[in-house]
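Here is the naming used below: chain letters follow the sequence lines, and residue numbers restart at 1 for every chain.
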Amino acid sequence: MSEGAAKKEERRKFQAIKGTRDLLPPETTLWSRVEQTAQEVFTLYGFGEIRLPIFEETDLFARSIGLETDVVSKEMYTFEDRNETSVSLRPEATAAVCRAYIENDMQQWPQPVKLYTIGPMFRRERPQKGRYRQFYQIDAEVLGGSDSPAIDAELIEMVMTLFDRLGLEGTQLHINSIGDKNCRPKYIELLRAELRKVKDKLGPDSQRRMETNPLRVLDSKLESEHEVIEKLPRISQHLCDTCRENYDQVKRQLALRGIAYTQNFRLVRGLDYYSRTTFEITAKGLGSQNAVCGGGRYDGLMELLGGPPTRATGFAIGQDRLILSLQEAGKTPAPQGRDVYIAWMGEKAYATAIRAAKNLRAAGFTVELPPVEQKFGKALGQAVKLRARYALILGDNEVSSGEWTLKTLATGEQAKFAEGNLLEYLKKNL
RNA sequence: GUGGGAGUAGCUCAGCUGGUAGAGCGUCGGACUGUGGCUCCGAAUGUCGUGGGUUCAAAUCCCAUCUCCCACCCCA
């Protein structure tokens, strides 16, 4: 390397990996608010938090999500650990939740076990609006117990309640049933057969999917294919009796809860483990990736992972998209202000200022204490820039008289307080 | 993985058909060492995304490459 090149290398600016980003204040206060609200709402429904590893054995994901899916075949961050086992950054949470259920013998707990988890997931896709390589999901799962449609419906009620509390606008619930291992394979063959008949009317993507994953053809975004797709047989006409009964019950349960939904025969989940009820919630302001929540039932998964036969259903909220939608609707929080800015002058006053800051903070007020002495005018200017409500003025006059000056920045009014009375006043007025 | 658009100061951008950089906002300092959002003055920050080519001369033209944005695929 030449000297010039070395110098350049040295000065190289690091930047976040493609598809990852820094979340900064004040945006992060919105993230916290979303997470806190989720915790509150989920707690009301009896869910407990589970914290999971961010990476797992690759095989766990391969088996649960499906070897042939895009997620597993080309989107995982997979690497070899030093002991030569293949591990992967989690592309979703459900598989790990199931692993934890089995590993911790949760079938011994009162059933069903209701868990939620919040955290980053990783998929190596091309980033676009509402899609990142490190993205965040709020995930909830109901494991064990019965496969009562009431459970699916209550789960949906819970997520709708959360969105409602957050003020998410333009939400739309789409539901579908994709059958189970009895009726779905038969339907897929029927669908494939019908697709072959209209093959020449389909684009290259759909022609490929026709063989690999015929259900996905239904979800095609091409206008030109919609007419053909409308005429294809729908799975709702081909569900087995138990699945149809189940689906009807889910709809009835939603109606009982006053939850509006639209049936969407195009809604087919991409992950192998889903069966019967699937749902998706879309929201405003999201560009082409407009699903803010997706979920469904996956009764067979636990057994597939070596656990006892266990009913299960769950959903994942795309937190990035949820927040994007809130921001598009103008729900961006204001930058954090301060209750009190302490404008102090002189060494003697500084000791008093430190004491004042400590006591004010102990009482729960946000306080800015400038670390170095500033000209008085500048201090007040800083107070305004930091959006402080009050300036506490501490100079020689205040220290010698024991009467502190409190200035209300918005009005310019000032008043004197003895040290003890100041807290009283602020408690009443903040 | 495929396609389209864009990269000039911290931010938003100007820079005509080549003559090696500017504005506004913001930041910091001063006017103004006990009274703030105004005003005025001043300063700092750019290898014009990066590398190469054409040219006496490139932010400007050509090629490559990287990054970001949007869309496809797929998914939250």
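U50(B) sits 30 Å from A43(B) when the C1' atoms are compared, rounded to a whole Å. C32(B) and C40(B) have their C1' atoms separated by 12 Å, with the value rounded to a whole Å. Going from the P atom of A23(B) to that of G18(B) covers 24 Å, rounded to whole Å. A distance of about 37 Å separates the P atoms of A57(B) and U2(B), rounded to the whole Å. A distance of about 42 Å separates the C1' atoms of U47(B) and U33(B), rounded to the whole Å. Spacing between A9(B) and G3(B) at atom C1', rounded to whole Å, works out to 33 Å. Rounded to the nearest Å, the gap between the C1' atom of A44(B) and that of G10(B) is 12 Å. The same atom, P, is picked in C62(B) and in U54(B); the two are 16 Å apart, to the nearest Å.
A heavy-atom distance below 4.5 Å is found between the side chains of Arg165(A) and Val41(A). Using a 4.5 Å heavy-atom cutoff, the side chains of Gln207(A) and Arg209(A) are not in contact.
For Leu286(A) and C70(B), the CG to C1' distance is 14 Å, given to the nearest whole Å. In this entry the distance linking CD of Glu141(A) with P of A76(B) reads 12 Å, nearest Å. For the pair Gln414(A) CD and G36(B) P, the computed distance is 10 Å after rounding to whole Å. Leu222(A) places its CG atom 14 Å from the C1' atom of C74(B), with the value rounded to the nearest Å. Taking atom CD of residue Gln207(A) and atom C1' of nucleotide C72(B), one finds them 17 Å apart after rounding to whole Å. The nearest whole Å value for the distance from the CZ atom in Phe122(A) to the P atom in C74(B) is 24 Å. We find that CG of Asn290(A) is positioned 15 Å from C1' of C70(B), with the value rounded to whole Å. Distance CZ (Phe163(A)) to P (A76(B)): 13 Å, rounded to an integer number of Å.
At the phosphate of C68(B), OP1 or OP2 sits under 4.0 Å from a side-chain N or O atom of Lys18(A). Not one side-chain nitrogen or oxygen of Thr69(A) sits closer than 4.0 Å to the OP1 or OP2 atom of C74(B). An OP1 or OP2 oxygen of C28(B) is reached within less than 4.0 angstrom by a side-chain nitrogen or oxygen of Lys385(A). Residue Gln289(A) places none of its side-chain N or O atoms closer than 4.0 Å to OP1 or OP2 of C73(B).
The residue Arg209(A) sits close only to the backbone: its heavy atoms come under 4.0 Å of sugar-phosphate atoms, none of a base. Here Ile393(A) lies in heavy-atom contact (under 4.0 Å) with a base. Nucleic acid contact class of Gly19(A) (heavy atoms, under 4.0 Å, all strands): sugar-phosphate only. Ala283(A) comes within 4.0 angstrom of nothing in the nucleic acid, heavy atoms only. Here Lys378(A) lies in heavy-atom contact (under 4.0 Å) with sugar-phosphate atoms only. At the heavy-atom level, Tyr341(A) lies nowhere under 4.0 Å from the strands shown. Using a 4.0 Å heavy-atom cutoff across all strands shown, Gly395(A) reaches at least one base atom of the nucleic acid. Residue Ala383(A) is out of contact with every strand shown, counting any heavy-atom pair closer than 4.0 Å. Asp139(A) comes within contact range of no nucleotide atom at all, as no heavy-atom separation falls under 4.0 Å. Within 4.0 Å (heavy atoms only), Glu398(A) reaches at least one base atom of the nucleic acid. Residue contacts shown for Gly412(A) include a base, since a base heavy atom lies under 4.0 Å away.
You won't find any donor-acceptor pair under 3.5 Å spanning the side chain of Gln15(A) and the base of U67(B), going by distance alone.
Each of Arg276(A), Glu141(A), Arg311(A) was compared with Tyr298(A) under the side-chain hydrogen bond (donor to acceptor under 3.5 Å, both in side chains) criterion, and only Glu141(A) meets it.
Ser64(A) contributes atom OG, which lies 11.0 Å from atom CE of Met302(A) (distance to the nearest 0.5 angstrom). Distance check: Ile235(A) CD1 to His238(A) NE2 gives 9.0 Å after rounding to the nearest 0.5 Å. Taken from CD1 in Ile65(A) to CG in Leu60(A), the straight-line distance is 8.0 Å, to the nearest 0.5 Å. To the nearest 0.5 angstrom, Glu157(A) atom CD is 10.5 Å from Met160(A) atom CE.
G7(B) and C66(B) make up a base pair, with Watson-Crick or G-U wobble contacts both under 3.5 Å. With a cut-off of 3.5 Å on both pairing distances, A76(B) has no Watson-Crick or G-U wobble partner at all. Remark: A71(B) base-pairs with U2(B). Criterion, Watson-Crick or G-U wobble with two distances under 3.5 Å. Nucleotide A43(B) forms a Watson-Crick or G-U wobble pair with U27(B), both donor-acceptor distances falling under 3.5 Å. Across every strand in view, G22(B) sits in a pair with C13(B) that passes the Watson-Crick or G-U test at under 3.5 angstrom. Across all strands shown, U33(B) forms no Watson-Crick or G-U wobble pair with both key distances under 3.5 Å.
Comparing A76(B), U33(B), C74(B) by their closest approach to the side chain of Lys375(A) singles out U33(B). In the set A76(B), G3(B), C28(B), the nucleotide with an atom closest to the side chain of Gln382(A) is C28(B). Closest approach to the Arg131(A) side chain among A71(B), G34(B), C72(B) is made by C72(B) (side chain taken as heavy atoms from C-beta onward). The side chain of Leu380(A) sits closest to G36(B) out of C74(B), G36(B), C70(B). In the set U35(B), C73(B), U67(B), the nucleotide with an atom closest to the side chain of Gln128(A) is C73(B). Of the candidates G34(B), G36(B), G3(B), G34(B) carries the atom nearest the Asp396(A) side chain, counting heavy atoms from C-beta on.
Of all heavy-atom pairs between Ala363(A) and Lys427(A), the closest is CB-CE, 4.2 Å.
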Subject >> side-chain contact (heavy atoms from CB on, under 4.5 Å) evaluation trace for Val97(A) with Leu115(A) >> reply: CA-CA 8 Å; Val97(A) 174; Leu115(A) 299 169; 4.0 Å; yes
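The residue among Leu409(A) and Gly130(A) whose nearest nucleotide of RNA chain B is located toward the 5' end is Leu409(A). Mapped onto RNA chain B by nearest heavy atom, Val384(A) and Asp320(A) fall at different nucleotides, with Val384(A) at the one closer to the 5' end.
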